[in-house]
Amino acid sequence: MTDADRDSALDDRDEPEDGFDDAGADLDLGGRRALVVVPAYNEAPAMERVLKDLARHAPWADVVVVDDGSTDATADEARRAGAKVLRLPVNLGIGGAVQTGYRYARRSGYDVAVQFDGDGQHRAACLAALVRPVLADEADLVIGSRFLEPRGHTATGSRLVGIRILSAVVSRIVGRRVTDPTSGFRAAGPRALALFAAEYPQDYPEPESLVLLHKQGLGFAERPATMRRRRDGTSSIGLWHGGWYMVKVLLAVVMDIFKAPVRLKEDA
Amino acid sequence: MVAIQRILLVAFAAAVLAVTFHLIRKRRLREEYAVLWVVTGLVILVGALVPEGVLAWLSGALHLSYGVLITFVCFVFLAAIVLHYSVAISRHAEREKDLAQELALVRDELERLRAELREKQAPAPEKKPKPPALRT
């Protein structure tokens, strides 16, 4: 049995190995409101599965799908599955799409916003574990890391090498250990939400936003999360294979150190 | 510098300034971007009219021949213009992003209001007997 076989076999079962049946469904928000932001670009085939996963494990949260200028039926599929959809008229990329969700969350008065990929690689069962430290005010942003307790699909080959290099550099910049700087599975509390609504990195948002948080004096934490291998569509970072991508990310992250701090206006 | 070079440079400067002026007049070039071109035209003009002695002194002081000096000045100006454009493009990309996001949010708001209005205008059948109550 090859790695790929094992991964796809793992996809077809519904989180049995983690014992996650309705895990997270009973989370008590204590009167606060949570929004799950699902950025999606041409993810029509995955929409139903992703939204069902969320409905089952996170019934305590509202869900908004940000359709990043898709050319397929992503928005229709998301609406059919009962989700609210924000449609961007042009393709902005993952950073612009996610920030649309943060801006919506801020305007609609949500306290917590969770970023959850529209391609089905994230597990909604892990969501409550990310939101809990935010509710307890232990961190402004909690990141689901594939590498804290490596289970499920992590990364392979050059991609893994790239993540290792990047996490070493980001860890050094922010002065603490970051195991999964490229994870797009994260929960933001009120302060991070206000910051990201005002200013969110557009080029390589996941690692860059950690440097931004650090510079603004906000705290973040990592919690273990398992992820699936993607089944439909293509990754938004298909260019991982190639040193050029690494050079650009590292340059962007290092440049972030020197950027002027963001001043937040009351009305973001 | 021989007379023919001066004449050519003056003609070139005049052409740059004339084209810039024409584009502004036709509203095809905003003043914001025109400033650089006007300055470029003026610098070429000054370069063409400057006395021989000043040029000789300048090339001597910088240890550059006259040709290299001119090339260098041209390069600096082109680089400045291109950098100016990169900054302008970045600003426009940021605005385009903000506008697209605002459009998505406003579109959602519009759909919500439309649905609300539809509900108000087309009341459920049992409510039909008393339409005045709906006017509130």
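Naming: A, B, ... by sequence-line order, numbering from 1 per chain.
Between A:Leu86 and B:Asp108, the closest heavy-atom pair is CD2-CB, 3.4 Å. Closest approach of A:Pro89 and B:Ala100 over heavy atoms only: CD-O, 3.6 Å. Summarising the geometry of A:Arg87 relative to B:Ala104, their closest heavy-atom pair is O-CB, 3.3 Å, with the distance given to 0.1 Å.
Environment of CZ in B:Phe12: sparse, with no more than 12 heavy atoms of neighbouring residues, nucleotides or ligands closer than 6.0 Å. The 12-atom threshold is not exceeded at CZ of B:Phe21, counting heavy atoms of other residues, nucleotides or ligands nearer than 6.0 Å. The environment of A:Glu48 atom CD is sparse: at most 12 non-hydrogen atoms of other residues, nucleotides or ligands sit within 6.0 angstrom. Counting heavy-atom neighbours within 6.0 Å of B:Arg25 CZ, excluding the residue itself, gives a total of 12 or less.
Proximity to chain B (any heavy atom under 4.5 Å) is shown, for A:Gln99, by both the backbone and the side chain. Contact annotation for A:Leu88: both backbone and side-chain heavy atoms come within less than 4.5 Å of a heavy atom of chain B.
A salt bridge links B:Asp98 with A:Arg103; the closest basic N to acidic carboxylate O contact falls under 4.0 Å. Comment: A:Arg79 engages B:Glu111 in a salt bridge, judged by a side-chain N to carboxylate O separation of less than 4.0 angstrom. Residues A:Arg107 and B:Glu102 are paired through a salt bridge, judged by an N-O separation under 4.0 Å between the basic side chain and the carboxylate.
Using a 4.5 Å cut-off on side-chain heavy atoms (C-beta onward), A:Leu92 and B:Gln101 make contact.
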